[in-house]
Undergrad: 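Pasting a structure below so you can have a look.
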Amino acid sequence: MTDAPSEVLKAKAAAAQQKQPADAPENQPASAPNGPENQNKIAAARKMNLLKLIIIACICIMTYFLPYVVPDTLPLTEIQQITLVIFVGAALLWILEPMPVYATSLTIIGSLCIFISDGGLTPVMTYLKKVDPSHLMKYQTVLNSFSSPVLILFLGGFALAIASTKYKLDVNLAKILLKPFGKKPGMVTLGIMSITGIFAMFMSNTATTVMMLAMIAPVLTMVKKDDPGIKALVLAVPFAANIGGIATPVGTPPNAIALSALSGENSINFLSWMVMCFPMAVICILAAWAVLHFMFPFRSTEISINIDSRFSKDWKSIVVYVIFALTILLWMTESKHGINSNVVALVPLIGYTATGILTTSDIKRMNWDVIWLIAGGIAIGNALGATGLADKLAHIVDYSQFSGFMIIAALATIGWGLSNFISNTAAANLMIPIAMAVLVNAPDTGIQMSHAMVIMALAMSFAMTLPISTPPNALAYATGAVSNKDIMKAGGTVSVLCMLLAFAALYLIEHVF
């Protein structure tokens with residue numbers, strides 16, 4: 001596709017941002033002007049969503065009666081049957097999306113409270129107390145998914161991202177960090193990927209992509225429109241944003257879901273996550289850069305990026321810089337001071353709100369839809385464990401014939417494939433509780449549970465084969481500089497390569513180091 005002027009690219013990026021809120025867990029269709037044709041499309045979409053809901057309802061009803069059909073294969077109690085129906089319904093709602101995915105999460109929490117908790121419908125609760133009292137959940141346990149420490153960790157990350165953007169810390173850091181990469185096209189591309197990856201470690205990967213695409217928009221006008229290197233430059237941003245998010249627990253929602261599944265001896269702190277995943281992010285970004293450099297080589301010999309911005313010296317800007325640096329330092333030195341990383345996340349939340357750096361409008365801009373989505377995943381994961389359903393499902397397959405590595409590779413690959421078509425957060429909500437149950441009940445896998453869950457989270461983030469796979473991919477596609485075929489070719493290659501590198505790293509960690 002031909003190159004577009006800088007103003008057009010910025011406008012498209014802005015429009016894409018409106019379509020895709022920061023860290024949006026799903027890709028929403030573009031809104032068209034009101035008119036008869038658009039009204040017909042809306043009506044057709046509503047009919048399709050209604051049909052989806054009817055199909056989902058029918059499948060849920062069949063799922064409820066399935067244990068009666070195959071009692072030997074699925075010997076479930078009454079509460080486990082209801083939980084299975086809720087889980088299947090959630091999976092179908094997340095995959096088919098007849099409603100927003102965060103609405104699905106709220107539906108899950110409401111269904112668990114009403115149908116399998118002691119705070120539900122009186123007739124249902126009375127019946128369940130008679131037939132299956134041992135698996136009845138407390139409604140407080142279900143609702144506590146909204147107050148998970150992992151959600152506070154993410155809110156702290158949101159606070160850092162909003163404050164750094166508001167006071168131009170991100171742009172000024174980009175200006176400094178891009179200087180060493182010079183003007184050679186290949187090195188500039190690597191520089192853009194490096195900076196994007198660093199920002200995605202602590203910011204929404206969608207917000208990072210919008211910022212970086214706007215930053216390189218003037219550069220694209222300096223390159224000849226038939227130069228294939230333009231595609232490398234544009235795709236470098238979403239690929240690095242997707243990969244960079246794996247490096248820290250706050251980088252992307254699947255990381256939070258994996259953390260919430262790990263507790264006790266399997267728990268992992270902020271620094272330990274970075275020790276495992278930061279090197280992986282670096283290697284994968286280098287691999288992605290090599291793929292882009294090979295597929296879309298530059299014809300131009302020199303390009304430059306000029307960022308006209310300076311660090312502010314007013315007191316609020318200084319407070320932003322100090323709290324940002326202090327938070328990162330505390331996260332990385334948890335073993336020294338003993339403050340849990342979830343508690344450290346309160347530092348930017350308190351510091352920025354108490355000083356007026358984050359206002360009411362800024363708080364409203366936080367990605368509450370992502371918080372709700374993660375809460376729904378935590379709730380269904382807790383329910384699968386508390387009701388004993390996860391154990392029952394895990395015992396359906398005989399894992400004695402498979403190695404631990406094969407089991408994890410299979411589960412991660414399924415999650416990766418699913419995440420290419422639905423929100424990576426929704427995919428993680430579905431796959432991580434299943435993987436946890438399978439690994440707990442499988443014979444000794446020889447692989448640490450924390451390492452297995454990290455690989456599961458990484459697999460969701462590596463799914464970037466299609467324009468719809470992640471919001472950053474959609475934003476790159478919206479620039480008009482790359483085609484669907486370009487994203488599929490480069491994204492598919494990078495996705496598979498990153499997955500292979502992750503499996504190789506897991507094997508080395510467990511069997512060599």
Undergrad: For a side-chain contact (heavy atoms from CB on, under 4.5 Å) check, start with the C-alpha distance between Asn367 and Tyr102, then their side-chain angles and the critical distance, and finish with the verdict.
TA: CA-CA 11 Å; Asn367 307 119; Tyr102 52 84; over 6 Å; no
Undergrad: Does atom OH of Tyr139 have more than 12 heavy-atom neighbours from other groups under 6.0 Å away?
TA: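 For Tyr139, atom OH is not crowded (no more than 12 foreign heavy atoms under 6.0 Å).
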Undergrad: Applying side chain to side chain donor-acceptor pair (under 3.5 Å) between Thr465 and each of Asn420, Thr493, Asn473, report the one that passes.
TA: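 Of all the options given, the one that passes is Asn420.
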Undergrad: Are any of the side-chain heavy atoms of Leu153 and Leu259 separated by less than 4.5 Å?
TA: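 Leu153 reaches Leu259 side chain to side chain.
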Undergrad: Would a 4.5 Å heavy-atom cut-off, applied to side chains only, mark Ile243 and Met464 as touching?
TA: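 Touching, per the 4.5 Å side-chain cut-off.
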Undergrad: Atom NE2 of residue position His293 - does it have more than 12 heavy atoms of other residues, nucleotides or ligands inside 6.0 Å?
TA: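 At most 12 heavy atoms, drawn from other residues, nucleotides or ligands, come within 6.0 Å of this atom.
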Undergrad: Would you confirm whether Trp289, through its side chain, and Ala240, through its main-chain N or O, come within 3.5 Å as a donor-acceptor pair?
TA: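 It does not hold such a pair.
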Undergrad: Strictly distance-based, threshold 3.5 Å: is any side-chain N or O of Asn424 a donor or acceptor partner for the main-chain N or O of Pro254?
TA: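 The answer is no, because no donor-acceptor pair under 3.5 Å joins these two groups.
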Undergrad: Looking only at the side chains, is there a donor atom on one of Asp362 and Thr359 sitting less than 3.5 Å from an acceptor on the other?
TA: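 Checked: Asp362/Thr359 side chains pair up, N/O donor to acceptor below 3.5 Å.
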Undergrad: Report yes if the side chains of Val344 and Phe270 come closer than 4.5 Å at any heavy-atom pair, otherwise no.
TA: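 No, too far: nothing below the 4.5 Å cut-off.
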Undergrad: Determine whether Leu143 and Ile109 make a side-chain contact, defined as any pair of heavy atoms from C-beta on separated by less than 4.5 Å.
TA: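 Answer yes - side chains close enough.
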Undergrad: Taking the six-membered ring for Trp, are Phe202 and Phe324 parallel (under 30°), tilted (30 to 60°) or perpendicular (over 60°)?
TA: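 Geometry flag for Phe324 against Phe202: perpendicular rings.
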Undergrad: Evaluate the side-chain proximity of Ile374 to Ile257: yes if any heavy-atom separation is below 4.5 Å, no if none is.
TA: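 Result yes, sub-4.5 Å side-chain heavy-atom pair found.
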Undergrad: Indicate yes or no: at least one non-hydrogen side-chain atom of Thr425 is less than 4.5 angstrom from one of Val101.
TA: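 Of all side-chain heavy-atom pairs linking Val101 with Thr425, none is under 4.5 Å.
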Undergrad: Side chains of Val319 and Tyr167: closer than 4.5 Å at any heavy-atom pair?
TA: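 Side-chain contact under 4.5 Å: no.
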Undergrad: Take Thr104 and Ile108 through the test side-chain contact (heavy atoms from CB on, under 4.5 Å) and record every step on the way to the result.
TA: CA-CA 6 Å; Thr104 296; Ile108 292 168; 4.2 Å; yes
Undergrad: Relative to each other, are the rings of Phe311 and Tyr321 parallel, tilted or perpendicular (30° and 60° limits)?
TA: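 Judged by the thresholds at 30° and 60°, the geometry between Phe311 and Tyr321 is perpendicular.
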Undergrad: Could you grab the distance from atom CG of Leu500 to atom SG of Cys284, nearest 0.5 Å is fine?
TA: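 The SG atom of Cys284 is 10.0 Å from CG of Leu500, to the nearest 0.5 Å.
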Undergrad: I need the Thr141 OG1 to Asn382 CG distance, nearest 0.5 Å.
TA: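 One gets 8.0 Å once the value is rounded to the nearest 0.5 Å.
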Undergrad: Kindly assign one of parallel, tilted or perpendicular to the pair Tyr507 and Phe405, based on the angle between their ring planes and the thresholds 30° and 60°.
TA: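 Plane angle over 60°, so perpendicular.
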Undergrad: Other residues, nucleotides and ligands only: do more than 12 of their heavy atoms fall within 6.0 Å of NZ on Lys166?
TA: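 Check passes, neighbour count above 12.
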Undergrad: Any sub-3.5 Å donor-acceptor pair from Ser419's side-chain atoms to Gly415's backbone N or O?
TA: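 Judged by distance alone, no pair lies under 3.5 Å.
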Undergrad: Would you say that Leu349 contacts Thr353 through its side chain, given a criterion of any heavy-atom pair below 4.5 Å between the two side chains?
TA: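 The answer is no; the side chains never approach within 4.5 Å.
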Undergrad: Quick check: closest heavy atoms across Ala261 and Met436, and the distance to 0.1 Å?
TA: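 Scanning both residues completely, I find the closest heavy atoms to be O-CE, 3.0 Å.
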Undergrad: Would you name the heavy atoms of Thr189 and Ala236 that are closest together and state the gap between them?
TA: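 Scanning both residues, the minimum pair turns out to be CG2-CB, 3.8 Å.
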Undergrad: Of the non-hydrogen atoms in Ala476 and Val482, which two are nearest, and what is the gap between them?
TA: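 Smallest heavy-atom distance, with atoms named: O-CG2, 3.6 Å.
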Undergrad: Looking at Leu330, is its backbone amide N or carbonyl O close enough to the side chain of His337 to form a donor-acceptor pair, meaning the two atoms are under 3.5 Å apart?
TA: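 Judged by distance alone, yes, a pair lies under 3.5 Å.
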Undergrad: Measure across Ala379 and Leu112 and return the closest heavy-atom pair with its distance rounded to 0.1 Å.
TA: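 That would be O-CD1, 3.7 Å.
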Undergrad: Ala241 and Thr196: which non-hydrogen atoms are nearest, and at how many Å?
TA: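 So the two residues come closest at N-CG2, 3.6 Å.
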Undergrad: Using the rule given for side-chain contact (heavy atoms from CB on, under 4.5 Å), can you reason through Lys316 versus Thr355, listing the C-alpha separation, both sets of side-chain angles and the distance that settles it, and then say yes or no?
TA: CA-CA 8 Å; Lys316 283 190 175 181; Thr355 55; over 6 Å; no
